[in-house]
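Notes follow the structure.
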Amino acid sequence: MAISQVFTCDRCGAQAGRVALYARGEVTPGRTRHEIDSVMSAMDNSGAERARVQVESDVVNVTMFEFDVAATLSALSVGDARALHKLDLEFVPFWCPPCDAAFCGRHWVTWDLFDDGFFDEKRGRCPAGHERRLFD
Ligand SMILES: [Zn+2]
Ligand SMILES: [Zn+2]
């Protein structure tokens with residue numbers, strides 16, 4: 001069964017982000033049993049043969065395959081955002097280290113940086129003015 005945690009915004013209580021760890025072979029909950037839907041589900045789950053972390057948030061959505069499963073599992077099972085951030089800052093793009101708090105998309109100011117015309121990284125500023133890299 002997937003382990004997941006929902007983090008809420010420190011300012012407004014809205015969902016800031018959801019982080020889920022899927023075991024190897026585990027499929028993302030499917031749609032219906034109609035043929036077209038099963039094709040769509042198969043595409044959703046094209047990475048299902050590998051353990052993966054899915055991050056859903058207003059600032060960044062990302063699926064990652066390269067991570068320390070045991071360490072991630074223990075941090076995620078207790079909802080330890082600081083430990084997750086230490087493992088990979090992209091696990092908790094909605095979380096600000098100095099504030100030790102998560103914020104929703106309305107409370108982050110985000111922008112993209114480009115290097116020579118190519119996307120380089122996404123940065124954000126929390127409501128208290130701390131800046132961090134969200135994704136690269
Ligand atoms: Zn902050
Ligand atoms: Zn908020």
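Read the numbers this way: they start at 1 and go in the same order the structure lists the ligands and their atoms. If you're wondering where the values come from, they're calculated on a predicted model, not measured in any experiment. Excluded from the calculations below are hydrogen atoms, water molecules and symmetry mates; all remaining heavy atoms, backbone and side chain alike, are included.
For the pair SG of C12 and ND1 of H107, the angle whose vertex sits at the Zn ion (ligand 2) is 120° to 10 degrees. The angle that C9 SG and C104 SG make at the Zn ion (ligand 2), rounded to 10°, works out to 120°. With the Zn ion (ligand 1) as the vertex, ND1 of H130 and SG of C126 span 100° to the nearest 10°.
Residue F67 is tested with L21, L87, D88 for a side chain to side chain contact (heavy atoms under 4.5 Å, CB included); the sole match is L21.
Aromatic ring pairs are classed by plane angle as parallel below 30°, tilted from 30° to 60° and perpendicular above 60°; the pair W95 and H85 is tilted. Ring geometry, F7 versus F94: the interplanar angle falls from 30° to 60°, so the pair is classed tilted.
Of the possible donor and acceptor atoms, one in the side chain of D80 sits under 3.5 Å from a partner among the backbone N and O of A83.
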